[in-house]
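Single-structure report; data block below.
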Amino acid sequence: MQNFNYTMPSTLIFGDHCIEKNVKVFGTLGKKAYIITGPVLNGKQTGTKHQSVIDVENALKSQGVEYRIFDGCIPNPPVLECVKATQIVSEYAPDFLVAVGGGSNIDTTKAIELLLRYPGHDPYEVLFGDIAPERPTAEITGTWCMGASDDNKKIPFITVATTAGTGSEITGASVLDREDIDNKAGTKPFVWSDYSFVDPRYIKTCDTKLSQSNALDALGHGLEPYIDTGSKDHFMVQTYSEMGFRLFAEIKERLRSGKMTDEDYEKQMLMSTIMGFSETQGQTGVPHGLGYPLTHVKGLPHGLACGAFEGEYLKIFKDTSKVDNALKMMGFSSIDDFANYVHDVLDPHMEGMTVTRQEIEEWTDTFYNTEWRVLRHPEKFDREDVKGIYERTLAKFIVD
Ligand SMILES: [Fe+2]
């Protein structure tokens, strides 16, 4: 018998030139907008704006919408940077926001949206506490309680994805650097966009490193909930993840060689979106938890930091039936074959990084103390298992 809950309140608009073809959407949310993006996309240094920003500005102008641009988003956004950005944005009192970028810019926008809803409160309480009341959990089956019960305070926003990995454009949570606990953490899934534009043309300018780490991040968004406690039997999670595995199989060798075609980029964008659907219904699990310190402490991009653990994590499964099923759809012959692929693709991007055994001990403790992540693993999972995954994944980079 099937038992699940499913929430997807964002309208997804996918395809080449999707903004140009749907400019009227930008006239439906108000008369004043704030574009939230980063300095590179806005051409701060080069003077050349990314096509995504150009398309959004043209769409807003065509609808007679006044706008300002905040281009101060930074990678792996810390909460306090989001608070500063909220102050700037609030002075203009926009009717709606437009996030343009990858996960960091979109997550910054989501944080701004939540902070604008609840002015005057402690930002950590707003983002991670109970100020935004959840919808009643009664009669809801599954791991997430989707959305806040006071959505009437919501500031509408549009997301425009310029990378294919995060899935953040169509998920309800924002992942932020928390200075108070010295680690990354996700908000509850309260912050859904009203419209999400996904144009595969925008990722064709991504370099190979970004494409590879983003694709492995997206793969994790589908793979982790597919095999994790809580969502391994969720019909929608399973269906979306399997669609994503098959798309990954079609691009994986050209992703490895860095010779992606236009068709491959479209498939990567589709995979990222589908895996985002899976993640937002099912939640990420062990590899994402293991990867957070690599981003927070070592500064590695999120996709690279989390993707790196996908291969070695699978090796700890004793019952491999579900894992084998996923790998078969991805076109791998064994767990070792998959783990070698992940090392092959991602290890070169970690060249120069060093890790000490003391750091591994600390990260192991941090992970193991995050009980809900430990419980995501469907089998017995002790501290030595966690440490072993860190040691095997980072073997080339341990210096003592
Ligand atoms: Fe991720």
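Order of listing sets the numbers, starting from 1, for every ligand and every atom in it.
Between the CZ atom of F248 and the OG atom of S272 there is a distance of 12.5 Å, given to the nearest 0.5 Å.
When ring centroids are compared, Y226 and F245 come within the 6.0 Å threshold. Aromatic rings from F70 and Y34 are positioned such that their centres are separated by 6.0 Å or more.
Applying the salt bridge (charged side-chain N to carboxylate O under 4.0 Å, His left out) rule to E362 yields no partners; only residues at least two apart in sequence or on another chain are considered.
In this structure a side-chain-to-backbone donor-acceptor pair under 3.5 Å is present from D95 to K31.
Within the protein, the N, O or S atoms sitting under 2.8 Å from the Fe ion (ligand 1) are D217 OD1, H221 NE2, H288 NE2, H302 NE2.
Checking Y292 against H302 by side-chain atom types alone, no donor-acceptor pair falls below 3.5 Å.
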